[in-house]
Amino acid sequence: MSAPPAPAPPARPPRTDGVPADGSVRVGVDDRFHRAPSRPAGLQRVTQVAGRAIGPLFVLALWWVASAQAWVSPILLPAPGTVWAAAVDLVSSGKLQDNLGVSLGRAMTGLGIGLVVGVTLALLTGLSKVAELLVDSNVQMVRSMPILALQPLVIVWFGIGEPTKILLVALAVTFPVYINTHAAIRAVDARFVELATTRGLGRLALVRHVVLPGALPGFLTGLRFATSISWLVLVVAEQINATAGIGYLMTQARTVARTDVIIVGLVVYALLGLLSDTIVRLVQRKALSWSSTLQAR
Amino acid sequence: MSAPPAPAPPARPPRTDGVPADGSVRVGVDDRFHRAPSRPAGLQRVTQVAGRAIGPLFVLALWWVASAQAWVSPILLPAPGTVWAAAVDLVSSGKLQDNLGVSLGRAMTGLGIGLVVGVTLALLTGLSKVAELLVDSNVQMVRSMPILALQPLVIVWFGIGEPTKILLVALAVTFPVYINTHAAIRAVDARFVELATTRGLGRLALVRHVVLPGALPGFLTGLRFATSISWLVLVVAEQINATAGIGYLMTQARTVARTDVIIVGLVVYALLGLLSDTIVRLVQRKALSWSSTLQAR
Amino acid sequence: ATPNTSGAADASDTGTGVTLRFGELGSALTQQALLEAAGEFDDLPYEVEYSLFPAGPAFMEAVPSGAVDLSIQADTPSIFAQVGGIPIKVVGVQASVKTGESFVEIVANPDSGITSVADLKGKKVAVLPATILQYTVVRALEEAGLSYDDITPVELPLTDAPAALAKGDVDAVASLDPTLAQLKASGAVVVGTGLGITSGYSYVVATDAALADAAKSEAIADYLGRLGRAEEWAVAHGDEWAAISSELTGLPVELAQAAQERSAAGWVAIDDQVIALQQEQADAYTALGLIQTPLDVSAYYDDRFNDVLTGGTK
Amino acid sequence: MVIDAPGTLTPPAGGTAAVQQPVVVEARGITRAFDGRGVLHGIDLTVRRGEFVALLGRSGSGKSTLLRILAKLDTEATGTIKVPAQPGVAFQDSRLLPWARVLPNVLLGLRDGDARERARTLLDDVGLGDRARAWPRQLSGGEQQRVALARALAGAPELLLMDEPFGALDALTRIRMHRLLRELVSRYSPSVVLVTHDVDEAVLLADRVLVLTDGRLSLDEQIDLPVVGRRSHPGFVALRSRLLTELGVGDDDH
Amino acid sequence: MVIDAPGTLTPPAGGTAAVQQPVVVEARGITRAFDGRGVLHGIDLTVRRGEFVALLGRSGSGKSTLLRILAKLDTEATGTIKVPAQPGVAFQDSRLLPWARVLPNVLLGLRDGDARERARTLLDDVGLGDRARAWPRQLSGGEQQRVALARALAGAPELLLMDEPFGALDALTRIRMHRLLRELVSRYSPSVVLVTHDVDEAVLLADRVLVLTDGRLSLDEQIDLPVVGRRSHPGFVALRSRLLTELGVGDDDH
Ligand SMILES: Nc1ncnc2c1ncn2[C@@H]1O[C@H](COP(=O)(O)OP(=O)(O)OP(=O)(O)O)[C@@H](O)[C@H]1O
Ligand SMILES: Nc1ncnc2c1ncn2[C@@H]1O[C@H](COP(=O)(O)OP(=O)(O)OP(=O)(O)O)[C@@H](O)[C@H]1O
Ligand SMILES: [Mg+2]
Ligand SMILES: [Mg+2]
């Protein structure tokens, strides 16, 4: 059947029957899943930093109140004032800085080695079936063993000098980096590898252009772990023939029951964790600017 | 300009000028990035298991030779025979099984709690800006602190009984689960969240249909960590008033200098690591069957 | 009747309603077995609950939680507990090593050329800081006319020392059993002992809370009496006890026997002399910089059980 | 194309009759820029119930951007907008959840009891009744697009926003999908905004065509052609040619 | 459509002259099944140098599967195949690396010195010269497709395998891309296999059309029409109609 042609409707104000009449200036929903409305970048950063500080400040306040109200015995959790005094003491005597400096050297060296080894292993096992069969199960097994129990063997092979401490850090760092990077490599979309094949990319170019960028988010997650683990392992590693280091400081404080120093150490650890985390976040933001995920708000 | 119509070429054997004349029956390249040619599944599995065993067997052989050649003092690294005898002894007396059983209970309970807490936190901080500001930095800070140093505080609050041991496991498990799941949630493709919005999915449905499945690979990577950490942390946790458990067994062996028992313990840890890893791998294979990544070979 | 061990619930069915919570140190719970073997466990008028800690400081960390009442330890934990303000008192002192024996020894690699403490000058010596091991080294050096500055102390966990000695990273190790036995088994030679330096005493520490509770305090007195008798039984029946304890701890039975041969039993009255010995140690740690403000250890002694332990019942 | 089943089809809701229908979409002064590059400059658009609007425009002219705004997916655009809560959207990429099989993908977000049955029927309609349990990656490009189409239709929405939903389909499948769409439109009278680069498709299906040029609607025209036999109507060729000109294609090019 | 620049274009390499050209693609007995569902049943295909082959077929008929096999991306297909080492491939999805900007995406895998310049020229040619530094996610669907086209062309490959490379383009852009492709084809004489669902496009561009039906090439025909003015040639309509019939579209449908 055929309807007769009808003239175009005359221009007139639109009717809004059946539709609520309230108009909003902003379009769409305002939800964290969507790019937030653009604000001056500086202001946004300040708000964010302030926001992140809320949590720690809350904990601090709780601690203060708990101490003031004597909810916890000061033997276990000294008052913020006591800890602050201990911290001032440690800083003014230069002890804290010195020990941190020593540990920083160990943590960074171990972290560097662990990163290189972890990524290399992940690339090997991620790209080659043979390497995976040979390496992966060994890595999994070593990862499952308590470092404390392995310590005597490490000492026999590497002595009690700096190499052992760095080795222990490297060992502990390697696993999170390896596992996350390995998983990320395996999760790279096969379609991009196909593309690379048609472009005649060699192994190296494939790694450079497809595998590494594709695995970068996973690697960064591993790195987030690795940074804090590199510091944590020092608590154990710096029991071996150390005369300085944040781990040494902690162990010593524990042996001589200096709870205030322990708490200072804990706070230092927390700050180190926040700091390295912030750095990794920045790297993440920069390195993943291409992505259209929830991450890239 | 216009070319005159030409008749279709007569059917004849194709010429192969300029093209190598060797024909291969299989099409395409054979590379690990591509689905391997289908083989009987059973045979493939056997080859894989055998392949995975190569690494450990190599380590075992090395140990054997090192002991036979007395490269390492037997006090530090007893010969495989000695260790085997110790293992037989531990098994026949039922000690190993009993301790494993006790630890299994603790590890699984702690793992379960840690999984729930980690995933819940990751969902909160992954989905809500406010929760992230409040929770994330605190989680990062607690994660950065050495559990050993936190132990006294944990004891005060939770005593020296089972809860403390389970709490320590849960605490240690929470972080890898949290960090990996959080990162994975943030890496969920925003396009799918858009889709969910247009379908009117509520928060819960969004989590169920988009966020959780999208974050599953990352969660499983976290789980891979978490399983082995749950066992590792027992070495520390089972120093607090424990009279049974694999961690207790290790500590006891260390204090009484029974290197052979320590090695048995290490092997048990390695096997536990392999076992839990294999389970997670299976779950992975099953749960990610939809994906077309390098993983899903 | 087998009374509750660790983790047991309230002892509401016993006459006094008191539960003594004893923190054992080491690698396994052995005390109940000792009391049972000595026949001291049958007619306890109160409950005893045992918990296990790897070392003294770990016990001290549990004190503020109120989960423990008393323990027996070596010299140093109570000193550092005082530094940390842990609410405990030393309420009993026990001889644990035969006269003429010491459980601390300094051993060296045979090819290091070290044969005496004097030879340690300029050498690397593994010590565990803030322990009787360190104290022994300090005092042994003093007796040989040297000071702690004349050696290179290497701080190592006890169990890591054998590996370091085997590797040659340290020249000598101050150690005690069973690590000491392990060291000797791999060829290390004894170059010095704690004889005349270490008191060989064990110290019973009880929490202030437990001491403030009259019923508990009474139970402690009774329990320590039984424990002392049981230990005397163990000294008298060395092989028998060594067999039982090695079964429990996993310590090779030869080592257990060797340890048993050295051990002694018997309470020592808490007096100025005993306190002075500890004060000397505390001062040594102060000199080493481990303790910042000088300590008066006598504040941490409570001699209320002197009569019961060293007088009346024995 | 509608000859096969003339009984089931009603005339499009265009013409004077449509003016009586309530407004379903009302957008005023929609403006959008990306990093300073303006894409939409104050678009005004009113779509009434049952109206079928085709949106044409050059590649990169902002069609998808406008559609995303109508779907309330763009928080940075400015302007006023009123749209029904849950439009059926077919994205330009088919956007199937890779971790859900075909049927759950179609069912996503539907809660009513007979949704499952309707989804199955729709899958049959788009020719994929036997692929309900396939993973998205196991489908061909056109198959994926048809699943996305089925999903957009499955909620029987008041408003359909479709971004080149037939782009990857062959001629026959495309005709079938056109027929399916018309059928559903006549049954439920949703408002439809269809982005397409196929002028014939636009003229064949729509009651009204818009052309987006330089961030403005450079053409907004009712199509007053009969539904049946539209292709052979003399007005068809004229309109088609006018639209092509508006899109920059000279008659000699084609 | 080629009127604008007749001087730069040479006649297609079809007809008797093409038979003299060397074989570039030779596939024999290509068979592929997914989970037991056969998709290709022994395809034989020979493509000579400079030959422009259009591949038509219903959605889901196996066109992309065949193209993937020709690109040596399918390890489970059986048969014999000889193809040049590095074809230029335009996938059905545009498949841009999300972590690389537009220009690096085009340059991917090119190592020769003037690749950069050529890539820039090609980006200009596809109308995206000013988007060289954009991320793929910042491009519209059609823009992404054009980048993928530029990438496929950038290596000046001996063999071009293109899977619906113009599917998301508007009429004018499509004409421009056709022109660009013809120009490059006449300059470098690559062999081309073009999957398309647009019968007009196939007939306009190709020297030869194939129709894939039920896993076999149900039609394989040389197009012996003049390059210039092909659309107005009487043979055009006849061939077009024959192809539509082969694809299942009746004349009355269209
Ligand atoms: N990985 C796979 N697993 C299972 N089936 C598949 C897979 N890939 C493709 N198929 C099926 O093979 C058939 C051919 O797919 P192909 O992608 O080659 O179709 P096509 O001709 O390109 O279709 P379109 O025009 O829709 O892109 C389809 O039915 C598809 O569902
Ligand atoms: N996230 C973004 N960031 C920057 N520019 C963008 C973004 N999204 C789109 N654009 C640009 O906005 C313009 C309009 O994009 P849109 O996707 O709306 O085009 P379109 O009309 O749908 O084109 P097509 O027909 O090719 O799909 C394009 O030039 C595109 O490059
Ligand atoms: Mg678009
Ligand atoms: Mg296809």
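Since we're looking at a predicted model, the values are computed, not measured. Residue numbers start from 1 in every chain, and the chains themselves are labelled A, B, ... in the order their sequence lines are given, proteins ahead of strands.
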Student: Which bit of A:Met250 is near chain B, if near means a heavy-atom gap under 4.5 Å: side chain, backbone, both or neither?
Tutor: side chain
Student: Taking every non-hydrogen pair under 4.5 Å, which of A:Tyr269, A:Phe58, A:Trp157 racks up the most with chain B?
Tutor: A:Tyr269
Student: Counting heavy-atom pairs under 4.5 Å with chain B, which one of A:Val135, A:Val235, A:Leu266 comes out on top?
Tutor: A:Leu266
Student: Rounded to the nearest 0.5 Å, what separation is found between the CG atom of B:Leu288 and the CZ atom of A:Arg186?
Tutor: 11.5 Å
Student: Any chance the rings of B:Phe225 and A:Phe175 have centres within less than 6.0 Å?
Tutor: no
Student: For A:Asp277, which atoms come within 4.5 Å of any heavy atom of chain B: side chain, backbone, both, or neither?
Tutor: side chain
Student: Measuring from atom CG of A:Leu275 to atom CD of B:Gln140, what distance do you get when rounded to the nearest 0.5 angstrom?
Tutor: 12.5 Å
Student: Identify the heavy atoms of A:Arg143 and B:Arg224 that sit nearest to each other, and give their distance.
Tutor: NH1-O, 3.3 Å
Student: Starting at OG of A:Ser228, measure out to CE of B:Met141 and round the result to the nearest 0.5 Å.
Tutor: 13.0 Å
Student: Measure A:Leu272 against the heavy atoms of chain B and call it side chain, backbone, both or neither at under 4.5 Å.
Tutor: neither
Student: What I'd like to find out is whether the side chain of B:Asp136 reaches to under 4.5 Å of the side chain of A:Arg281, using heavy atoms alone.
Tutor: yes
Student: To check you understand the geometry: which heavy-atom pair defines the closest contact between B:Leu232 and A:Ser144, and what is its length?
Tutor: CD2-O, 3.2 Å
Student: Could you pull out the closest heavy-atom pair between B:Ala270 and A:Met145, with the gap in Å?
Tutor: CB-CE, 3.8 Å
Student: Could you have a look at B:Val142, B:Ile262, B:Asn180 and say which one has the most heavy-atom pairs with chain A under 4.5 angstrom?
Tutor: B:Asn180
